[in-house]
Amino acid sequence: MITFNKENNTFRLDTPTSTYCISLCRDGYIGHAYYGSKIGIDDVTYLTRFREFGFSDSPIFREKHSFLDFFPQEYPTDGVGDYRESALAVTDSTGHNAIELKYKSQKIEKGTAVIKGLPAVFGDAAECSRLELTATDDILGVEVTLIYTVFEKIDAIVRSAKIENKGKNPVFIKKALSAAFDIDDDNFDMITLHGSWARERHIERRSVHMGKQGVVSVRGETSHQEHPFIALLDHNADFNNGRVYGINFIYSGNFVADVQKNQFDSLRVVMGINPENFCWKLEPGEQFNTPQAVLVYSDNGLNGMSRAFHDLYRDHLIRSPYKKSPRPVLINNWEATYFNFDTQKLLEIAREASKDGIEMLVMDDGWFGHRSFDDSSLGDWYVNEEKIQGGLKHLVEEVNKLGMKFGIWFEPEMISPNSDLYRAHPDWAIQIPGREPGMSRQQLVLDITRKEVRDYAYECVAKILRSANIEYVKWDMNRQLSDIGSLGLAADQTGEFYHRYVLALYEMQERLITEFPKLLLENCSGGGARFDPGMFYYSPQIWCSDDTDAIERLAIQEGTALVYPLSTMGAHVSVCPNHACGRVTPFKTRGYVALSGTFGYELDITKLPPEERAMIPHQIELYKKYGDLVRNGDYQRILSWSDGGDVDCWASVSKDKKSALITFVQIMNHPNYKTRFIKIQDLDTDAKYKVSFPDEDQKDFPPQTLTGLTLAKAGFAVRRDWGDYQAKLIYIEEI
């Protein structure tokens, strides 16, 4: 709910348990007054400290710089005396760098707004309200509208900005962030997500220190290495207790997320497009829209924050018809065959997979052009009929006859120097004239910011999909951007390239899901380098990581689930020794870990040991039985191996609190060790529940009957005498 108090010129944005206040101060300054636990309906303008340090009512009278250097501006600007991190920086047509915004007008409406060309949350008038707060710099003729969307049932506030040039001369936007707010430092910790290929989104927690700290990407995508998410939390906050501020970015390109602690022990938090190598020429009459940033506040620890993000993305960002429904259990041939396959091998895998209840065959890299290794043919999206004998339509029909769906892999944004496309159009690759471009995985990147290139890449994908009954696409991107140059941009627009690239990607995927509305699209980038909420707008799931090792996946999936629903995480069972790390884990454990994702297989089923092959039908049965609970329940982290323990444990709790599925993984066995008691929250404290191990012998793991209150405060018992890397499923059901 959004309200405006005319007496004290304060906007109040209320979610179910939080309050966000904005105050209009003297001289047109827009101040951030409060964000945190829900507070009373009081005059909170004093929280901006507007009259501190003995200033007069008008800070412009004297000591303006001192005022701006501590005043909590709602959207701080560059070049006029606020020396902390800014949200907006502009160079005018004379080369000067300064912009100062003063309040102009306001508008409160119901529902969400569409941001042309960008993914955005959606909701109707009953679900959310929107504040549009407009400020201007009359010297430049620049008008900025700050847009806030507040959800009635979710503790989330979504922010963005619209920047319009209403002057007579062009201006150059050097920085345009999506959100900023100031809070006092209460001995906060900060959580960020870090990693690399095959070990994405590992959680790092540390104390906030003086100066700037945060995460960035300059790779043209969100990246394996850092992630567009930060959280500030009480030093003693844990999964279920303490204050947590979470900030996430609905965008798939270069980003910055910073926390800056200043001389007065206050924190400025900012998030948006990374200003490095960014410069947008804004002509008179044009506007620039920033992507949306999501702010979540929780009084109930990290699990409370996670639930808010999950609910927002499931209900108000993902549009796919698969958003809450079962996904087909697929088998992907990549780790089974790599490039060494043909029609007969694929059909052999499909025939055996269909016998065990697997529902889709996905043909991965190597089916097109003359591609037998990763050194050629990207861009040549025609079927290699030496491999796919009889053509693609024949293969798909044969798979369909087995009662299975068919899916296919593409990498539409890429081009190989050794390709017919490159030989015909070498200028279509991103490159700086006169400089030899660097390669990664022996490939270059297509300049999809150019319409003719974008149209070619889209038509390649669409033509294949039109040719056969293909129901799933894995859209991959296996390298980052560099050597940024485009024949489609003028010299004074080269700083627009990175953002234009992301807009072009969004346009292509929007076209794809519009032409093929029933398509199940899964995004991927060398594993999880493009796992961000921007992509959820187009695909309900993203390949979480190329590392399918069950133990490594514990840390990857924990960090991912901190922000994103389990239903979005592409997760497969693969063979051992694992192809990425060489570890050997039980097939049962691999299955349980993959159940907390989209669930599928990445292996050659024809070569599996009989005892593992025999487990596949049962694993699929578990997925069918518990899949709805995993997809749509409330995620709850219970224990974390990444914290330095020797077990990992998480749960999905049904929205009606009648059931829960818990996964418990023992990393290391200790001889002669005590029983572990597992506490689970958010059940009905007065109800009675049956606690069972549905996949175990009931003689060894007898069911327990406990109240929800006992389960929350004392927990249930789990013995720990079954060995390293072993896992158990626990099902809790109200009786």
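Side-chain atoms are counted along with the backbone in the values below, which use heavy atoms only and exclude waters and symmetry mates.
- Contact annotation: the side chain of Glu152 never approaches that of Cys128 to less than 4.5 Å [non-hydrogen atoms, C-beta and beyond].
- Results of the ring pair (Phe, Tyr, Trp, His ring centres under 6.0 Å) test with His227 over Tyr564, Phe531, Phe255 single out Tyr564 as the only residue that passes.
- For the atom pair Lys679 NZ and Gln681 CD, the distance stands at 8.0 Å (nearest 0.5 Å).
- Salt bridge status for Arg307 with Asp155: absent, with no side-chain N to carboxylate O gap under 4.0 Å.
- Under the 30°/60° scheme for interplanar angles, the aromatic rings of Phe716 and Phe693 are found to stand perpendicular.
- Considering CZ of Phe406 and CG of Asn400, their distance stands at 9.0 Å, rounded to 0.5 Å.
- Side chains of Ser545 and Asp547: a donor-acceptor N/O pair is absent below 3.5 angstrom, by distance only.
- Geometric assessment of Arg319 against the ring of Phe122 yields a negative cation-pi assignment under the 6.0 Å and 45° thresholds.
- Here the CD atom belonging to Glu471 is positioned 9.5 Å from the CG atom belonging to Leu520, to the nearest 0.5 angstrom.
- Between His572 and Trp543, the angle of the ring planes lies from 30° to 60°, which puts this pair in the tilted group.
- Asn303 and Asn240 share a donor-acceptor pair across their side chains, judged by distance under 3.5 Å alone.
- Residue Trp409 forms a side chain to side chain contact (heavy atoms under 4.5 Å, CB included) with just one option from Asp364, Asn333, Val473, and that option is Asp364.
- Among Thr710, Ile680, Asp684, Leu706, the single residue meeting the side chain to side chain contact (heavy atoms under 4.5 Å, CB included) criterion with Tyr689 is Asp684.
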Original post:
Stepwise, does the ring-ring contact (aromatic ring centres under 6.0 Å, His included) test hold for Phe599 with Tyr623?
Top reply: CA-CA 7 Å; Phe599 194 72; Tyr623 169 72; 5.5 Å; yes

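- Separating the OG1 atom in Thr15 from the CD1 atom in Ile157 is a distance of 6.0 Å, to the nearest 0.5 Å.
- Note on Asp189 versus Arg205: salt bridge recorded, some NZ/NE/NH1/NH2 to OD/OE distance being below 4.0 Å.
- Taking the side chain as every heavy atom from C-beta outward, Cys649 and Ile678 approach each other to under 4.5 Å.
- A side-chain donor from one of Gln541 and Glu522 sits under 3.5 Å from a side-chain acceptor of the other.
- Judged by distance alone, the side chains of Ser596 and Tyr635 never bring a donor and an acceptor atom under 3.5 Å apart.
- The closest side-chain heavy-atom distance from Leu512 to Leu521 is below 4.5 Å.
- Each of Val329, Val362, Asn332, Leu330 was compared with Tyr601 under the side chain to side chain contact (heavy atoms under 4.5 Å, CB included) criterion, and only Val329 meets it.
- The shortest distance between side-chain heavy atoms of Thr17 and Asn300 does not fall below 4.5 Å.
- The cationic group of Arg719 lies under 6.0 Å from the six-membered ring centre of Phe701 and within 45° of the ring axis, placing it in a cation-pi geometry.
- In Lys323, the NZ atom is crowded: over 12 heavy atoms of neighbouring residues, nucleotides or ligands sit closer than 6.0 Å.
- Salt-bridge check for Arg637 with Asp648: passed, with a basic side-chain N closer than 4.0 Å to an acidic carboxylate O.
- Side-chain contact between Asn632 and Ser567 is absent, with no heavy-atom pair separated by less than 4.5 Å.
- With hydrogens and angles left out, the side-chain atoms of Thr337 and Asp604 include no donor and acceptor closer than 3.5 Å.
- One finds the CD atom of Glu359 at 8.5 Å from the CE atom of Met404 (value rounded to the nearest 0.5 Å).
- Listed by chain and residue number, Glu352, Asp356 satisfy the side-chain hydrogen bond (donor to acceptor under 3.5 Å, both in side chains) test with Arg613 (two or more places apart in sequence, or in another chain).
- In this structure the side chain of Arg351 reaches within 4.5 angstrom of the side chain of Leu402, judged on heavy atoms.
- Between the side chains of Ser539 and Trp475, no donor N or O sits under 3.5 Å from an acceptor N or O.
- Under 4.0 Å is where a charged nitrogen must lie from a carboxylate oxygen, and between Lys655 and Asp311 at least one such pair does.
- Remark: of the listed residues Arg199, Arg590, Arg583, Arg583 is the sole one forming a salt bridge (charged side-chain N to carboxylate O under 4.0 Å, His left out) with Asp549.
- Here the rule is side-chain hydrogen bond (donor to acceptor under 3.5 Å, both in side chains) with Asp695, and of Gln619, Lys588, His618 only His618 fits it.
- In this structure, a donor-acceptor pair under 3.5 Å is present between the side chains of Glu558 and Ser640.
- Inspection of the Ser525 and Glu221 side chains reveals an N or O donor paired with an N or O acceptor under 3.5 Å.
- The CD1 atom of Ile662 sits 8.0 Å away from the CG atom of Leu711 when rounded to the nearest 0.5 Å.
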